[in-house]
Amino acid sequence: MKRYSRLLLIVLAILPRAADASAQPSAAEPDTHLVLLRQPSLAERAPSWARTGSKAAPALLAGEQARRYRETLLEGQRRLLEAVREQPRARRAVPARLDVLDRQTDLVTLLVVRADDSTLEALRGRPEVAGVYPNAVRYPLIDAAPALVGAPAVWALTGGVGNAGEGTRIAILDSGINVDHPMFQDDGLSAPAGFPRPAEFEQLTNSKVIVARNYALPRYGLRPEQDQ
């Protein structure tokens, strides 16, 4: 349960910071907005239920207690939307524009809406709302990632950035790999000794992707033309 709680904490801590990522300017304002609510989500509340019983996380999220709490969250969202729709109507003749495109309750309590500026402002002013974010395409400044994760300190331990990663082998468990991608090109590289490339997997490997193993058995019926 500790592992589950820590993972959840990381995910939820990142979401409110999404607005900090840099975004390239666009000619038009985003058409949709994300309305993040303050009420704890189902996943945030579930760890407290686990302390009173022995059920695993998946069972908690599918149980009767979770069902009732999800209904409570949806009812809270309904009351919020009703209040915001009524508020602008009392102040002006033009009805508020507030279209709800999606509702989330499990990982975060979130509404995806399409609304006019005054309605968005009304949402921001509600005590139930933690924030309203434009649903825009964002381009994170990923060149800042090494400093954020403390990579320079690790490089110093290895004798400098020129030696960083030397002798390191990375294993990836994934749903697939595309050796034609520019990131996996092997120009100027050679596979280390002791890592042969079986002929049956030759199309999945090169001198950078040195070993691949296909676990998608034909009986799974996923993509027979590729997986077999």
Side-chain angles (χ1 to χ4, degrees), residues 1-25 34 36 41-44 46-47 50 56-61 104 106-108 110 133 135-228:
M1 197 63 202
K2 282 186 177 180
R3 183 188 306 173
Y4 169 77
S5 301
R6 287 173 184 168
L7 176 61
L8 176 63
L9 178 61
I10 291 171
V11 172
L12 295 175
I14 288 173
L15 181 67
R17 296 179 60 86
D20 296 336
S22 65
Q24 293 184 355
L34 309 177
L36 183 65
S41 68
L42 187 61
E44 288 178 282
L60 287 170
L61 297 177
Q104 297 292 330
D106 290 359
L107 182 60
V108 289
L110 182 77
Y133 306 102
N135 188 25
V137 176
R138 298 188 176 274
Y139 301 87
L141 301 177
I142 59 173
D143 57 337
L148 290 174
V149 300
V154 178
W155 295 338
L157 296 175
T158 63
V161 67
N163 298 318
E166 184 176 358
T168 301
R169 294 163 183 167
I170 301 173
I172 301 173
L173 295 178
D174 203 345
S175 58
I177 190 169
N178 178 12
V179 293
D180 296 325
H181 193 281
M183 179 178 288
F184 296 121
Q185 296 312 292
D186 60 353
D187 296 340
L189 300 176
S190 59
F195 282 83
R197 290 180 288 164
E200 62 267 28
F201 297 134
E202 195 165 314
Q203 74 277 14
L204 303 177
T205 60
N206 56 28
S207 292
K208 185 172 186 178
V209 182
I210 59 176
V211 169
R213 174 68 186 270
N214 184 4
Y215 290 93
L217 300 178
R219 66 173 178 268
Y220 294 162
L222 300 176
R223 294 178 301 173
E225 70 284 0
Q226 298 180 36
D227 294 335
Q228 293 185 25

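In this text the structure is predicted, and so the values were computed from the model without any measurement.
Within the model, atoms NZ of K208 and CG of D187 stand 10.0 Å from one another, a figure rounded to the nearest 0.5 Å. Here S207 contributes atom OG and L189 contributes atom CG; the two are 7.0 Å apart, rounded to the nearest 0.5 Å. Note that the CD atom of Q104 and the CG atom of L42 stand 11.5 Å from one another [nearest 0.5 Å].
A heavy-atom distance below 4.5 Å is not found between the side chains of V211 and T205. Side chains of I210 and P192 form a contact here, defined as non-hydrogen atoms less than 4.5 Å apart.
Of all the heavy atoms in S41 and E44, the pair that sits closest is N-OE1, 2.9 Å. Residues A43 and L107 approach most closely at CB-CA, 4.2 Å, considering heavy atoms. In plain terms, the two heavy atoms of P152 and P146 that are nearest each other are CD-O, 3.3 Å.
A donor-acceptor pair under 3.5 Å is formed between the side chain of N206 and the backbone N or O of F184.
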